[in-house]
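Heads up: the structure comes next, in structure tokens.
To find a chain, count down the sequence lines: A is the first, B the second, and so on, and within it residues start at 1.
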Amino acid sequence: MSILAQLRQDISETVSAVYKTEMESSQIALSHTIKEYGGDYTYVVFPLVKSLRQSPPVIAEAIGTHLAESSKYVKSFNVVKGFLNIEVSDLFWSQVLSDSNNSDYGIQPSNGKKMMVEFSSPNTNKPLHLGHIRNILLGWSTAQLAKANGYEVVKTQIINDRGIAVCKSMMAWTLMGEGKTPESEGIKGDHFVGEYYVKFDKAFQEEYLNWQSTEEGVSVYNTSQKENEVQEHFFKRFKNNYFNQYSKLGIASKEMLLKWEAGDPEIKALWEKMNGWVYSGFNTTYDALGVDFDSTNYESDTYLLGKEFVEEGITRKVFYKEPDNSVWADLEDAGMDKKIVLRSDGTSVYMTQDIGTAHQRYADHKMDNLVYVVGDEQDYHFKVLFEILKRLDEPYAANLFHLSYGMVDLPTGRMKSREGTVVDADILIKEIIDEARKSAEARGGLEGVADKEKEEIYRKIGLAALKFFIIKVTAKKRMTFDPKESVDMQGQTGPYVQNAYVRIRSILRRLDEDMQAQLTDYNLADYKGDFHESERDILLQLETFPVIISDSLKKYDPSLMANFCYSLAKAYHRFYHDCRILNLEDQDLKKMRLILSKSVADVLSRSMKMIGIEMPEYM
RNA sequence: GGCUCCUUAGCUCAACUGGAUAGAGCAGCUCACUUCUAAUGAGCAGGUUUCAGGUUCGAGUCCUGAAGGAGUCACCA
């Protein structure tokens, strides 16, 4: 039991002793006391007023008095209105310190459950961008947090490697590629293929524009336009029809898709070659971000899944068939619409695939929980998917979660690929590491460090700045990404947190072996001194670590962990400024502060790791 | 138009899920390095939490309505 839980227990026992009322200790809500008042933790007694029929100050006073006598964790108390402010004893602090000094502090033992987390899930026609980075960081953090909470974790992604979009870049390369490859051009594979996707679009636009003034184009406009519709408007609306019915490029791409579906060996070979380029590009980006996956699904393998399972669902009355043979789920009694799950020609839609993939994943992994990290534009889709899986009695259906996150905007507005404002992941990563290098060189704190190690440090600092900037924002909120602010390394940033760690490591490096041995053997119960205000601030933070680990997973909100990292680092920076450590006469005080520092370093390093951020030893 | 989400300091974000006088960072203005890393610390200034009602001991948080923004309502993914 944590020290705070014991304090809660003491309070609950006090309430029952004084008022003969039973109260679950888990019901006792303690908050940190606000700076202006004396005390460390505050117990709000207002909720007791009704049942006890006494005024709030009287209740608080009575509980405080009894508590101060009965609990060894309580030093003193004061009452302001209905707020009982408790000042905890030095024993409380030293036990928090001793708890946090364990290498598994806050980590839950295995709970025997398996959580699958799907994230990233890119398309193979363009490189990863800023939006993917937010997705990846959320998914990765969720996976780390799940591990810390005792789950076995399977990190997974599903790659959108087929369909008309993929055929467009294949078509463009066939027509305009001249046999070039990423190697021959010295370009990363995903960027290379992405360029052909763009080339296709350009060529198509040009083709379309030319067609509009041909005899055919003019005649289509004259016969299909709405009353007095201007040409520009009509042709904007007509684009998809043009692609499907008139465009040489469009028709060729569609033919390619059909050939692909029929298993045409030539097309498949081209497809495999180009996707191979893309994957090697993706892997470079994943490596740069320091993430990996335990399993990968390809849409080309899963896009036919689900059809049989849906057929089965018809007999189980989860779905019904329309006269035209299309299959639907009627979710109106659950406040949703009717949703199609099989087209009238028997082919599947996105929903069918997702049903099938979930079913298949359970067959493969027997996971208890399944989390999808997907943008909030798909909120409704997942609401429907989860309802359908529930009706299909899938065993994991009660433990599905859509970790929905808001779009990343730029200061200039939304990223738009057509306007070329999309922030590319690779470029962003490179720029931020360059920025870290610039800052570090300007400071000149890394003299004597080997060049190779320096680069590693710049990488860690740059990525910390980028990742922290993104992950500190609550997932479901839309966020603004200002490239200028994201390279900041001061204030509420990743490097600020890293700096607290580096300062501690620098101190610990100076200890001789004798002192290190003494620290390992030191029993904090021997420390008889009291705790400085800035030490108590640190301990107050350290105490919350286990709760943060559990809350940030329960709420699927890694920003809680990021904010914890910042608070702890902030408390340490202040302590570092206020208190000396190495040149202290008082050996007990010195050892206590060293242990405190070491605990902070360990907790910082582990908590940052949970949000995907590594710590440098120097900076 | 129906449904869902968002709106907190000039800017970017917090607020332990209903608790005290709403907190940080950035930007601005002061101050502190012969000291364990100044990528730091201390201070000043910055607020009618979009608006109007309601619920109660108590509301940024819950309810109703309004305004502004976004998403979604395809036999697209």
Side-chain angles (χ1 to χ4, degrees), chain A residues 29-37 42 44 46-47 49-50 55-56 80-83 85 123 160 163-165 240 299 303 322 324-328 335-337 340-351 353-354 375-381 383 404 406-407 409 411 414 436 439-440 442-443 445-446 461 465 469 472-474 476-482 484-486 488-500 502-510 544 547-548 551 555 559-560 563 566-567 569-570 572-583 593 597 618-619:
Chain A
L30 289 178
S31 51
H32 292 169
T33 303
I34 292 174
K35 272 265 154 61
E36 287 76 5
Y37 300 87
T42 295
V44 181
F46 285 109
V49 170
K50 232 173 211 168
S55 77
V80 181
K81 292 187 280 184
F83 300 94
N85 300 319
N123 301 323
N160 255 286
I164 193 68
N240 265 346
E299 203 203 342
Y303 82 110
E322 285 283 343
D324 69 354
N325 265 334
S326 59
V327 179
W328 298 73
M336 290 170 247
D337 300 321
I340 192 157
V341 289
L342 280 180
R343 294 190 186 106
S344 49
D345 62 5
T347 55
S348 22
V349 293
Y350 186 40
M351 190 62 74
Q353 255 186 71
D354 272 0
D376 63 6
E377 69 271 16
Q378 293 193 38
D379 282 355
Y380 184 67
H381 172 80
K383 205 177 155 199
S404 161
M407 194 147 292
D409 288 322
R414 201 177 161 163
S439 299
R443 292 183 69 236
L446 291 175
I461 296 173
F469 187 85
K472 74 174 181 189
V473 182
T474 307
K476 77 169 177 181
K477 282 202 186 173
R478 235 182 140 89
M479 68 173 288
T480 306
F481 183 90
D482 187 337
K484 277 202 207 89
E485 282 180 27
S486 72
D488 275 350
M489 316 237 162
Q490 276 145 21
Q492 199 173 48
T493 66
Y496 172 96
V497 180
Q498 290 178 321
N499 185 233
V502 165
R503 285 176 141 185
I504 298 170
R505 299 300 300 167
S506 171
I507 291 173
L508 297 178
R509 241 179 269 122
R510 288 161 199 268
T544 64
V547 179
I548 298 289
D551 273 9
K555 295 171 187 165
S559 75
L560 295 175
N563 288 318
Y566 173 69
S567 298
K570 189 177 164 63
Y572 191 84
H573 277 306
R574 190 181 160 180
F575 160 75
Y576 184 90
H577 181 265
D578 290 349
C579 302
R580 300 273 84 200
I581 301 171
L582 283 177
N583 53 1
R593 285 185 176 168
S597 299
Y618 310 87
M619 65 192 290

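- For a distance-only test at 3.5 Å, the side chain of A:S344 qualifies as a donor-acceptor partner of the base of B:C75.
- Checked by distance alone, A:N85 brings a side-chain donor or acceptor within 3.5 Å of a matching partner on the base of B:A20.
- Among the nucleotides B:C16, B:U35, B:A77, the one closest to the side chain of A:S31 is B:C16.
- An OP1 or OP2 oxygen of B:A38 is reached within less than 4.0 angstrom by a side-chain nitrogen or oxygen of A:R503.
- You won't find any donor-acceptor pair under 3.5 Å spanning the side chain of A:N563 and the base of B:C13, going by distance alone.
- Comparing A:D376 and A:L582 against RNA chain B, the residue whose closest nucleotide sits nearer the 5' end is A:L582.
- Straight-line distance between the C1' atoms of B:U21 and B:G60: roughly 15 Å, to the nearest whole Å.
- Across all strands shown, A:Q378 has heavy atoms under 4.0 Å from base atoms, whether or not it also approaches the sugar-phosphate.
- Look at the P atom in both B:C63 and B:A45: the space between them is 37 Å, to the nearest Å.
- Distance from the side chain of A:T474 is smallest to B:A14 among B:G71, B:U72, B:A14.
- The residue among A:A569 and A:Y350 whose nearest nucleotide of RNA chain B is located toward the 5' end is A:A569.
- Residue contacts shown for A:A29 are absent, as no nucleic acid heavy atom lies under 4.0 Å away.
- Between A:R414 and B:G71 there is a side-chain N or O to OP1 or OP2 distance below 4.0 Å.
- The side chain of A:Y566 lies closest to B:G25, out of B:A77, B:G25, B:U72.
- Close to B:G25, at under 4.0 Å from its OP1 or OP2, lies a side-chain N or O of A:K570.
- Regarding contacts with the backbone of B:A74, every side-chain N or O of A:Y380 stays at 4.0 angstrom or more from both OP1 and OP2.
- Rounded to an integer number of Å, the gap from CE of A:M407 to C1' of B:U4 is 15 Å.
- Picking from B:U40, B:G25, B:A77 the nucleotide with the shortest atom distance to the side chain of A:N499 gives B:U40.
- Between the side chains of A:T42 and A:N85, at least one donor N or O sits under 3.5 Å from an acceptor N or O.
- A:I461 comes within 4.0 angstrom of a nucleotide base, judged by non-hydrogen atoms across all strands.
- Residue A:Y37 places its side chain closer to B:A20 than to any other of B:C5, B:U72, B:A20.
- Base-pair partner of B:G18: not found among the strands shown (Watson-Crick or G-U wobble, both distances under 3.5 Å).
- Counting only N and O atoms by type, the side chains of A:D488 and A:T493 include no donor and acceptor under 3.5 Å apart.
- The closest side-chain donor-acceptor pair between A:S597 and A:Y572 falls under 3.5 angstrom.
- Contact annotation: A:K477 side-chain N/O to B:C5 OP1/OP2 distance is not under 4.0 Å.
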